[in-house]
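The figures that follow rest on heavy atoms only: side chains count, while hydrogens, waters and symmetry mates do not.
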Amino acid sequence: MSRLKFYFPDSQDQIDPSFDFHSEERSPFRVRQRDDRYAHEVLCPAPYDGLLVSKPIVDGMPGVTGKYTEAQRHRLYREGVQRFFRLEQQGNNLEMMGDCGAFTYVRDDQPPYSVDEVVDFYQRCRFDAGVSVDHVVFGYDPLMDASPSAVPEEWTRRQQLTLSLAAEFLRQHRRERCDFEPIGVAHGWSPRSYAASVRQLQSIGYRRIAMGGMVPLKTHAITAILSDVKEELRCDTHLHLLGVTRPAYMQQFAQCGVTSFDSTSPFVQAFMDERDNYYTVSGSYVAIRVPQVDGNTRLRQLVNAGEVDQRIARRLESDCLAEIRRYAEGTSSLSAATDAIGKYCALIGDKKDRMQQYTETLESRVWETCRCNVCREIGVEVVLFRGAERNRRRGFHNLYVFEQRLARELSPATGKSA
């Protein structure tokens, strides 16, 4: 691997090209799986090097359904990942990685899948790479390195279980002569214990190792782990970071043997973060919350409780959208737009005063200078925090910018040019 690769975890987050932002309506002939578009179909080139698909998302777990419908699941197994995600049609040379989504069953005593089931999933769906079955260690305490006897028994049990499953996974892979690249998973509770996992995985035969369970850790802990792991790495062993995103530190991670990582952060921040909703290369902006009177759960509850007059709410909602659009078109002022936003926020009882941030977002007119297909197509709608169609598109935009941020951080050290 010559450069750091970014994998985007799939959660069936697509956008509907037929969606009308003014009427809030869709085409009556829309078929979601056929017509809706993935980020790699909307943005060119694709804003990631590959997709990560977790088995729980597709197959679910005992008592928990996955995000795929039964029809989608059968089609994925029948057609394989390349055709299912329409990669061949788009000419995208994206790599497909599968994993077991260990954080979804972290509270269980044992992983819900057998090695046979996981190998079958990767092979039948024709993944390029597949992660062995693993179990997340509950905690992290580097002081345990000085007193191994104090390490909780459950932590060591989970680490050893993960290693034994990795050994079985590789044996099965070789026995069935599978086509996908096997990836072992290292878990631990300290830099030394992670390094020990990596050492054992290499002795088993793995040359690509995923570093698991590090999502909750602070950056200094991650760098400490990777520093110790580096001392154990063979020259032909590559590391993958599961769920870790630290663009400013990726060059340092790469120097420790990291060649790939996955994360949903750029996408989900578009609608899950309080501040960093709309990315730019140098910073972020707050998206303007304009909830739908008929579509927002909290607002609907206020209307049903008689605390908000639905007719007034709809009028102020309409005025808010109209003034924002007029400002974007240059036919109205910034103050008119912010006044309309303020009135709507006051009516719905928004407890957080974001008016200063909203003013900064509108004043910047960032959507006009962005060259991604999302901003060019929908303009100011991209900075409106309002329903899945806008929020997901803003997430796609963030992926586009994230790729640029990553390239800037890595250039020229890892060979990925900006």
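- Side chains of F127 and V53 form a contact here, defined as non-hydrogen atoms less than 4.5 Å apart.
- Note that R158 lies in the cation-pi zone of F138, set by a 6.0 Å cut-off to the ring centre and a 45° limit from the axis.
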Check: residues 210-225 side-chain donor-acceptor pairs under 3.5 Å, at least two apart:
unit_1, atom_1, unit_2, atom_2, d
T219, OG1, R246, NE, 2.8
T223, OG1, T219, O, 3.2
T223, OG1, H220, O, 2.9

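- Among all heavy-atom pairs drawn from R126 and G80, the shortest one is NH2-N, 3.4 Å.
- Counting only distance, with no hydrogens or angles, the side chain of N373 and the backbone of V42 share a donor-acceptor pair below 3.5 Å.
- Residue pairs meeting the ring-ring contact (aromatic ring centres under 6.0 Å, His included) criterion with at least one partner in residues 268-293, sequence neighbours excluded, are F267-F271, Y278-H397.
- In terms of modelled atom types and a separation under 3.5 Å, the side chain of N391 and the main chain of R386 share a donor-acceptor contact.
- In this structure, F8 and Y48 have parallel ring planes: the angle between them is below the 30° cut-off, well short of the 60° mark.
- A distance of 6.0 Å or more separates the ring centres of F261 and Y7.
- Under a 4.0 Å N-O distance rule, the pair E154/R157 qualifies as a salt bridge.
- Looking at T361, its side chain never comes within 3.5 Å of a backbone N or O of A287 through a donor-acceptor pair.
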Mind running salt bridge (charged side-chain N to carboxylate O under 4.0 Å, His left out) on R192 and D228 for me, showing each step along the way?
-> CA-CA 6 Å; R192 190 178 299 174; D228 273 27; 5.5 Å; no
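- The closest side-chain heavy-atom distance from P142 to P191 is below 4.5 Å.
- Judged by distance alone, the side chain of E41 and the main-chain N or O of R86 form no donor-acceptor pair under 3.5 Å.
- Using a distance-only test at 3.5 Å, with no hydrogens or angles considered, a donor-acceptor pair links the side chain of E117 to the main chain of S114.
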For Y38 and Q12, what are the C-alpha separation, side-chain angles and deciding distance, and is it a side-chain hydrogen bond (donor to acceptor under 3.5 Å, both in side chains)?
-> CA-CA 8 Å; Y38 296 100; Q12 283 298 283; 3.2 Å; yes
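- Using a 4.5 Å heavy-atom cutoff, the side chains of V131 and H240 are not in contact.
- For E389, the salt bridge (charged side-chain N to carboxylate O under 4.0 Å, His left out) partners two or more places apart in sequence, or in a different chain, are R26, R393.
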Step by step, work out the side-chain hydrogen bond (donor to acceptor under 3.5 Å, both in side chains) result for S27 and S18.
-> CA-CA 6 Å; S27 167; S18 75; 4.7 Å; no
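- In the displayed structure, Y249 atom OH is contacted under 6.0 Å by at most 12 heavy atoms of other residues, nucleotides or ligands.
- Because its NZ or CZ atom is not both nearer than 6.0 Å to the ring centre of F19 and within 45° of the ring axis, R30 does not count as a cation-pi partner of that residue.
- Between F6 and F402 the shortest side-chain heavy-atom distance falls below 4.5 Å.
- Side-chain contact check for Y122 versus H173: every heavy-atom pair is 4.5 Å or farther apart.
- Under the 4.5 Å side-chain criterion, counting only non-hydrogen atoms from C-beta, S193 is not in contact with M144.
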In sequence, state the C-alpha distance, the side-chain angles, and the governing distance for C370 and Y400, and then conclude on side chain to side chain contact (heavy atoms under 4.5 Å, CB included).
-> CA-CA 10 Å; C370 180; Y400 169 85; 4.1 Å; yes
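- Contact annotation: the side chain of S333 never approaches that of Y327 to less than 4.5 Å [non-hydrogen atoms, C-beta and beyond].
- Side chain of R390 to backbone of L384: no donor-acceptor contact under 3.5 angstrom is found.
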Pair Q202-E232, side-chain hydrogen bond (donor to acceptor under 3.5 Å, both in side chains): steps then yes or no = CA-CA 9 Å; Q202 288 181 128; E232 299 290 343; 5.5 Å; no
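- Heavy-atom minimum distance, L161 versus H135: CD2-CD2, 4.1 Å.
- Other residues, nucleotides and ligands contribute only 12 or fewer heavy atoms inside 6.0 Å of the CZ atom of R371.
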Could you check S11 against T264 for side chain to side chain contact (heavy atoms under 4.5 Å, CB included), going step by step and ending with a plain yes or no?
-> CA-CA 9 Å; S11 192; T264 60; over 6 Å; no
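- Judged by distance alone, the side chain of D10 and the main-chain N or O of S54 form no donor-acceptor pair under 3.5 Å.
- Listed here is the closest heavy atom pair of T162 and V185: CG2-O, 3.4 Å.
- Taken from CE in M250 to CD in Q252, the straight-line distance is 11.0 Å, to the nearest 0.5 Å.
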Give the C-alpha distance, both sets of side-chain angles, the deciding distance and a yes or no for side chain to side chain contact (heavy atoms under 4.5 Å, CB included) between L201 and T237.
-> CA-CA 10 Å; L201 287 167; T237 300; over 6 Å; no
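- Nearest heavy-atom pair, V136 versus H187, reported as atom, atom and distance to 0.1 Å: CA-CE1, 3.8 Å.
- The residues E317 and R314 are annotated as not salt-bridged, no charged nitrogen and carboxylate oxygen being separated by less than 4.0 angstrom.
- Using a 4.0 Å cut-off between a side-chain N of Lys or Arg and a carboxylate O of Asp or Glu, R275 and D273 do not qualify as a salt bridge.
- Considering every non-hydrogen atom in both A46 and H40, the closest pair reads CB-CB, 3.7 Å.
- Ring planes of F84 and Y68: parallel class, angle under 30° (limits at 30 and 60°).
- Interatomic distance, D99 CG to K55 NZ, rounded to the nearest 0.5 Å: 11.5 Å.
- Contacts of Y140 classified as ring-ring contact (aromatic ring centres under 6.0 Å, His included), with partners at least two apart in sequence or in another chain: none.
- No side-chain donor-acceptor contact under 3.5 Å links S318 to the backbone of R315.
- In this structure, Q292 and D294 have side chains that are not in contact, with every pair of non-hydrogen atoms separated by 4.5 Å or more.
- How far CG of D59 is from OG1 of T65: 11.5 Å, rounded to the nearest 0.5 Å.
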Carefully, step by step, assess L143 and W189 under the rule side chain to side chain contact (heavy atoms under 4.5 Å, CB included).
-> CA-CA 9 Å; L143 297 179; W189 52 86; over 6 Å; no
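- Ion pairing between E381 and R325 holds under the 4.0 Å rule for side-chain N and carboxylate O.
- Judged by distance alone, with hydrogens and angles left aside, the side-chain atoms of R37 form no donor-acceptor pair with the main-chain N or O of Q14 at under 3.5 Å.
- Taking the six-membered ring for Trp and thresholds of 30 and 60 degrees, F169 and Y206 have nearly parallel ring planes, at less than 30 degrees apart.
- Annotation for A313 and L347: closest pair CA-CD2, 3.3 Å, computed over non-hydrogen atoms.
- The salt bridge (charged side-chain N to carboxylate O under 4.0 Å, His left out) search around D141 returns none, not counting sequence neighbours.
- The side-chain contact (heavy atoms from CB on, under 4.5 Å) search around M355 returns T338, I341, D353, Y358, not counting sequence neighbours.
- At distances below 3.5 Å, not a single donor-acceptor pair connects side-chain atoms of R208 with backbone N or O atoms of H238.
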